[in-house]
Amino acid sequence: MEKTSTDAFPFTMNSSEKQETVCIFGTGDFGRSLALKMLQCGYSIVFGSRNPQKSSLLPNGAEVLSYSEAARKSDIIIIAVHREHYGFLTELTEVLKGKTLVDISNNLKINQYPESNAEYLAQLVPGAHVVKAFNTISAWALQSGALDANRQVFVCGNDSKAKQRVMDIVRTLGLTPLDQGSLMAAKEIENYPLQLFPMWKFPFYLSAFLCVFFFFYCVIRDIIYPYVNGGKDRTFRMAISIPNRVFPIAALTLLALVYLPGVIAAILQLYRGTKYRRFPDWLDHWMLCRKQLGLVALGFASLHVLYTLVIPIRYYVRWTIKNRTITQATAKREDPFSTSTAWLSDSYVALGILGFFLFVLLGITSLPSVSNTVNWREFRFVQSKLGYLTLILCTAHTMVYGGKRFLSPSSLIWYLPSAYVIALIIPCIVLVIKFVLVLPCIDKTLTRIRQGWERNAKPTLNGERYLKQSSVHLDSEL
Ligand SMILES: Cc1cc2nc3c(=O)[nH]c(=O)nc-3n(C[C@H](O)[C@H](O)[C@H](O)COP(=O)(O)OP(=O)(O)OC[C@H]3O[C@@H](n4cnc5c(N)ncnc54)[C@H](O)[C@@H]3O)c2cc1C
Ligand SMILES: NC(=O)C1=CN([C@@H]2O[C@H](COP(=O)(O)OP(=O)(O)OC[C@H]3O[C@@H](n4cnc5c(N)ncnc54)[C@H](OP(=O)(O)O)[C@@H]3O)[C@@H](O)[C@H]2O)C=CC1
Ligand code: HEM
Ligand SMILES: [Fe+3]
């Protein structure tokens, strides 16, 4: 089956290149996997090993020599050895002069060494051109055809010719090379596979905090209070009723927190009268994880929708309705139909449905396959304009759900307002500030600032202020 990968790239190499010999130092897991893949793609492979005779399990067709003999056979040498064992390379400095050394190594910890492994290799073998590549691809992914794993290979190096050759190899293997610049980028590339969802950390901890806080808040109001005030056991509410408060509240709060940094940034820019000043770090990082915050919010909103769907089949709900009907029948009493209640009830559900629809639309446009097909204006339109509409609809859904009870003193329990009232605080703050920001007079100033105008700009002759700007954060958000 793997033979097809050879046929899949018949035009990327001409026949003379097909015979290109690549040397791999180290006959370990990664060296063997890479060799197998490269053999399938038409390369000749020479292994360099400490014990050429003892090496086993090597792919058919690969030659095994000593390190120095192998190095003489090729201009490109892939160092499939752990950094700790790079020492032997110093003895090969002469042989390795002018050759391309590909550093594929990873560390166990972020920033384990002061310099990156690739820079360390470049110091050990000064005459060689070191290129960093392949470290984000696992031996397993190479063997499984990289079909179900990341196909991106980050490449960096100081010698552009050497880098291009390595990128050609990457492409021939059916992977996607991403040029990351000079060897200085190696440290970041080496840290990359060691990170565990860095952008998801803040959204994750925040949503965990929100869930725990609102869960206990609801337990006090919905379980402990009825128990203390009448001895009723309402613990079953922990299964559906309380989650169906906690999840939508978390969704609404997180959604508001996606749009809060944008308005804080706008206020900062208005206050400073310029966009050419760094935002504080916390705001910077908050801005950068808005996508993740939004997707977590969408997850919670979906849970809320699922929990809402099961309301009619719940025993507690059916029992309550049946019981009320019987009580009214025996008392020969009937509730009059209330049009205003019908309106309130229908409108809050309708607002919820529309809000959820737009929420899902936001989620869909954030899929790379979709966002790649829209230009940045379209993307911004969906994310920013429709995002605010989503926030307005979801906030209105919650407010109308509160309806007449909203802020009424009778809904206070031990001085605690209903949970959804607390959940409305941040969304309302965001929407009110946003409303002020889009007032024509303020919007005009903000737009000018974002186009580069500065309130206290000293006239400069050479545009010096553009050079001193640290980073244009909002631009990078586009
Ligand atoms: C389900 C879901 C999925 C999401 N997916 C993504 C995603 O895939 N990618 C993503 O980035 N975010 C995503 N988000 C987060 C969020 O929708 C976006 O970050 C959104 O762009 C934020 O809009 P904003 O108006 O608050 O902020 P900003 O886009 O930062 O802008 C604020 C306002 O400032 C103006 N502005 C900003 N910068 C400039 C500038 N340099 N020059 C002139 N005017 C400027 C804009 O007109 C805008 O009105 C997602 C959110 C959700 C809920
Ligand atoms: N495994 C993976 O999925 C990935 C690995 N990498 C990187 O690839 C490199 C190799 O990894 P991997 O193949 O898994 O490791 P292994 O331990 O399986 O192989 C390392 C090889 O290095 C050679 N070597 C040279 N000098 C020494 C020495 N003093 N002590 C021990 N071995 C030595 C050995 O080959 P010989 O006996 O022939 O001399 C050995 O087989 C590492 O830098 C790793 O970070 C990067 C991405 C993914
Ligand atoms: C298909 C879409 C939706 C439907 C049908 C729906 C329906 C409902 C219902 C029936 C309730 C009352 C629950 C109860 O009585 O316990 C409710 C409450 C609520 N909904 Fe929705 N909803 C939807 C989408 C959303 C979305 C997208 C959000 C926000 C992100 C949201 C936020 C809330 C909040 C905060 C509450 C109050 C929770 C409480 O304190 O009890 N809803 N919704
Ligand atoms: Fe920054």
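Both ligands and their constituent atoms are indexed starting at 1 by order of listing. Starting from 1, each residue takes its place in the sequence as its number.
Close contacts of ligand 2 with Ser105, meaning ligand atoms under 4.0 Å from a residue heavy atom, involve 7 (C), 43 (O), 45 (O). Those atoms of ligand 1 that come under 4.0 Å of a heavy atom in Leu255, given as number and element, are 53 (C). Those atoms of ligand 1 that come under 4.0 Å of a heavy atom in Val258, given as number and element, are 15 (C), 16 (C). For ligand 1, the atoms closer than 4.0 angstrom to any heavy atom of Gly363 are 1 (C). Counting the atoms of ligand 2 from 1 in the order shown, those under 4.0 Å from a heavy atom of Ala80 are 9 (C), 10 (C), 20 (C), 21 (C), 22 (O).
Geometrically, Arg50 does not engage Tyr67 in a cation-pi contact defined by less than 6.0 Å to the ring centre and at most 45° from the axis.
Residue pairs meeting the salt bridge (Lys or Arg N to Asp or Glu O under 4.0 Å) criterion with at least one member in residues 99-111, sequence neighbours excluded: Asp103-Lys132.
Residue Asn51 places every heavy atom at 4.0 Å or more from ligand 2.
Here the shortest heavy-atom distance to atom 46 (C) of ligand 2, taken over Ile104, Val64, Asn107, belongs to Ile104. Considering only non-hydrogen atoms, atom 25 (C) of ligand 2 lies nearest to Tyr67 out of Phe134, Phe25, Tyr67. One option in Arg32, His82, His85 has a heavy atom closer to atom 15 (O) of ligand 2 than any other, and that option is His82.
Counting heavy atoms closer than 4.0 Å to ligand 2, residue Ile137 contributes backbone atoms (N, CA, C, O) but none from C-beta onward. Residue contacts with ligand 1, taken as heavy atom pairs separated by less than 4.0 Å, involve Lys434 solely via side-chain atoms from C-beta onward. Using a 4.0 Å cut-off between heavy atoms, Met287 makes no contact with ligand 1 at all. Residue-level proximity to ligand 1 for Phe379 is carried by the side chain, the only part with a heavy atom below 4.0 angstrom.
Panel detail: atom 21 (Fe) of ligand 3 has protein N, O or S atoms under 2.8 Å away, 2 in number.
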